[in-house]
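Have a look at the structure below, then the notes.
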Amino acid sequence: MKRLIKNGQCLVNGHLQVRDILIADGKIAKIGQHLSAQTPVDQIIDAQGLFVSPGLVDVHVHLREPGQTAKETVKTGSLAAAHGGYTTIAAMPNVIPAPDTPERLKAMLALNQRDGAVHMVQYATITTDRGGDELVDMAGLKATGAFAFSNDGNGVQTAGTMYQAMQQAAQLNMAVVAHAEDDSLTFGGVMHEGGVSKRLGLPGIPSVSETAQVARDVALAAATGAHYHVCHVSSAATVQVIRAAKAAGVNVTCEVSPHHLLLRDEDITSDNAMLKMNPPLGSEQDRQALITGLLDGTIDLIATDHAPHTDAEKARSMLKAPFGITGSETAFAMLYTKFVKTGLFSLAQLINWMAASPAARFGLNAGQLMAGAPADVVLFDLTTPFTIQAADFLSKGHNSPFIGQQVLGKTIRTLVSGEDAYINRP
């Protein structure tokens, strides 16, 4: 089937210009002006007044299936991604059982293929069941279809284990994607250690728990040549370590999550588990360092760390509630409203960090609007305000601190390989 998206505003050399997009056989056949007069099509999608974007790419989501389907499933999580404008997502391996063998990974890939509403790639673990020091069969997992290796949710605690993992990953040309956290430095904390945690009487996690492990790992990456990717960077000191490692030629990339760009520990005014995430929200100095890191290229991309939990779990005290917030359905709108509309980021920069850059850093055929590329396209309304409401979420998780915010950037339509994955129906 041939479809034509006409009259939409596309980014051309960093500026919005009216373009038509012809889609055929799941790919972008042509981008130009007045294409409806040139080519007969089966359907015309009028994008008048809308921003036509490449599908967003999220290399960090938690879908909870198998094992924790009260929180999320592959179906609900991928639908939530489509609702947020994402057309490619990478699923983390902290499910039960974890995809730590070729057989388990094969089953996970089949589930993703069956129930996924968007393009999905799947992480395998670094160690058995994401813990301890027994390395997985990396070669076998790569052959089965692993996207990369991660123990996300846990840091790899033993340097020797991480060194050997990086050695094998380098030989296989695969990325090691790390949740950087030294457990011996967390001290049972539930939020960032600082003045706010002391005022609230809540145990704090010092940011050095992240920075110390990143410093260790960039040294290991330098020694092995592995592609080392740091998840959800949260502190100014960690940004400095990564900046120095890049300057030294280490093959390190990193991501920042929207909530660390938008919030700081000062926004936690009470024992509120909706603001409990790992790594925790840092200081305003940390937040500003993350913004600077994005702007100067130290931080490569934005990833949501979409982490749904049940309403009951998040109704508990921060002392008992799980870490994590949802992000797939709020990321673009929050970032567009708070950073692009205020002039701090350009729209072109934001789309690069949310689409082109994650695809490029991980070798994915995604994140670009160009002839021959997959027809992964999103239509956003950048002008009509709307309020983020839990009732609109397609995720099972409602654990977002952004519910109630009035924003711009509503997803109107998401196409994956030229087919509708999400349509806003007022």
Side-chain angles (χ1 to χ4, degrees), residues 11 14 53 56-60 84-85 179-180 191-196 205-211 214-215 218 229-247 252-268 275 277-306 325 327-328 330-358 360-361 367 382 388 400-402 405-409:
L11 281 167
S53 170
L56 306 181
V57 177
D58 193 352
V59 297
H60 191 151
H179 174 116
M191 65 175 293
H192 174 69
E193 181 183 74
V196 178
I205 302 172
S207 57
V208 72
S209 64
E210 172 187 90
T211 307
V214 171
V218 294
H229 179 81
V230 188
C231 294
H232 41 51
V233 172
S234 69
S235 80
T238 303
V239 174
Q240 291 177 338
V241 169
I242 294 170
R243 184 178 288 120
K246 286 192 169 190
V252 55
T253 58
C254 64
E255 69 192 44
V256 64
S257 299
H259 42 277
H260 290 112
L261 293 170
L262 292 159
L263 300 169
R264 65 269 169 91
D265 63 349
E266 294 172 18
D267 294 306
I268 306 174
L275 291 164
M277 63 278 295
N278 190 12
L281 298 174
S283 66
E284 176 63 13
Q285 179 186 1
D286 291 321
R287 192 180 78 88
Q288 291 297 330
L290 297 172
I291 293 169
T292 299
L294 262 179
L295 291 169
D296 72 14
T298 301
I299 297 174
D300 299 88
L301 57 101
I302 296 171
T304 67
D305 192 12
H306 174 77
I325 67 172
S328 295
T330 58
F332 177 80
M334 285 297 304
L335 294 170
Y336 176 77
T337 303
K338 300 300 183 181
F339 290 108
V340 177
K341 289 300 291 181
T342 59
L344 190 57
F345 300 160
S346 71
L347 179 59
Q349 285 176 314
L350 183 61
I351 294 301
N352 176 60
W353 292 324
M354 298 184 78
S357 184
R361 296 301 183 274
L382 301 183
I388 295 172
S400 169
F402 303 124
Q405 291 268 350
Q406 188 175 76
V407 291
L408 301 166

Checklist entry - Got a second to check how far Ser357's OG is from Ile302's CD1, nearest 0.5 Å? => result 9.5 Å

Checklist outcome for this item: Closest non-hydrogen contact found for Ala333 with Gly409 is CB-O, 3.9 Å

Next on the checklist: Within the 4.5 Å heavy-atom criterion, are Met277 and His232 side-chain neighbours or not?
Outcome noted: no

Next on the checklist: Tell me every residue that passes ring-ring contact (aromatic ring centres under 6.0 Å, His included) with His192, counting only those two or more places apart in sequence or in another chain.
Outcome noted: none

Checklist entry - Leu263 versus Pro401: any side-chain heavy-atom pair under 4.5 Å? => result yes

Checklist outcome for this item: Applying salt bridge (Lys or Arg N to Asp or Glu O under 4.0 Å) to Glu284 and not counting sequence neighbours gives Arg264, Arg287

Checklist entry - Atom CE of Met334 and atom CD1 of Ile388: how far apart are they, to the nearest 0.5 Å? => result 5.5 Å

Item to check | CA sep, side-chain torsions, deciding dist, call: Met191, Leu281, side-chain contact (heavy atoms from CB on, under 4.5 Å) | outcome: CA-CA 7 Å; Met191 65 175 293; Leu281 298 174; over 6 Å; no

Item to check | Residues in side-chain hydrogen bond (donor to acceptor under 3.5 Å, both in side chains) contact with His260, at least two apart in sequence or another chain | outcome: none

Checklist entry - When you measure from the side chain of Asp286 to the backbone N and O of Ala236, does any donor-acceptor pair fall under 3.5 Å? => result yes

Checklist entry - Who passes salt bridge (Lys or Arg N to Asp or Glu O under 4.0 Å) against Asp300, sequence neighbours left out? => result Lys246, Arg361

Item to check | Spacing of OG belonging to Ser257 relative to NE2 belonging to His306, to within rounding of 0.5 Å | outcome: 12.5 Å

Checklist entry - Is there a donor-acceptor pair under 3.5 Å between the side chain of Asn352 and the backbone N or O of Gln349? => result no

Item to check | Set of residues satisfying side-chain hydrogen bond (donor to acceptor under 3.5 Å, both in side chains) with respect to Thr211, sequence neighbours excluded | outcome: Ser235, Thr238

Let me have the donor-acceptor pairs involving side chains of residues 291-299, under 3.5 Å, with sequence neighbours excluded, atom names and distances please.
from   : atom 1 : to     : atom 2 : distance (Å)
Thr292 : OG1    : Gln288 : O      : 3.0
Asp296 : OD1    : Thr298 : N      : 2.9
Asp296 : OD1    : Thr298 : OG1    : 2.7
Asp296 : OD2    : Arg243 : NE     : 3.2
Asp296 : OD2    : Arg243 : NH2    : 2.8
Thr298 : OG1    : Arg243 : NE     : 3.1

Next on the checklist: Holding to side-chain hydrogen bond (donor to acceptor under 3.5 Å, both in side chains), I want the full list of residues that pass it with Ser400, two or more places apart in sequence or in another chain.
Outcome noted: none

Item to check | Residue list, ring-ring contact (aromatic ring centres under 6.0 Å, His included) with His259, at least two apart or on another chain | outcome: none

Checklist entry - When you check the side-chain N and O atoms of Thr253 and His229, is any donor under 3.5 Å from an acceptor? => result yes

Next on the checklist: My understanding is that only residues two or more places apart in sequence, or in another chain, count here; which of them pass ring-ring contact (aromatic ring centres under 6.0 Å, His included) with Phe339?
Outcome noted: Phe345

Checklist outcome for this item: By side chain to side chain contact (heavy atoms under 4.5 Å, CB included), Ala303 pairs with (sequence neighbours left out) Asp58, Val59, His60, Glu255, Leu301

Checklist entry - Mind checking whether Glu193 and Ile205 have side chains closer than 4.5 Å, heavy atoms only? => result no

Next on the checklist: Checking Ser234 now: which residues fulfil side-chain hydrogen bond (donor to acceptor under 3.5 Å, both in side chains) with it, not counting sequence neighbours?
Outcome noted: Glu210

Checklist entry - Taking C-beta and beyond as the side chain, do Phe332 and Leu350 meet within less than 4.5 Å on heavy atoms? => result yes

Checklist entry - Is any side-chain heavy atom of Leu382 closer than 4.5 Å to a side-chain heavy atom of Leu408? => result no

Next on the checklist: Going by the rule side chain to side chain contact (heavy atoms under 4.5 Å, CB included), which residues pair with Ala355 if we only count those two or more places apart in sequence or in a different chain?
Outcome noted: Pro54, Leu56, Ile351

Item to check | Spacing of CG belonging to Leu275 relative to CD1 belonging to Ile325, to within rounding of 0.5 Å | outcome: 7.5 Å

Checklist entry - Hey, does Leu335 have a side-chain heavy atom less than 4.5 Å from the side chain of Val340? => result no

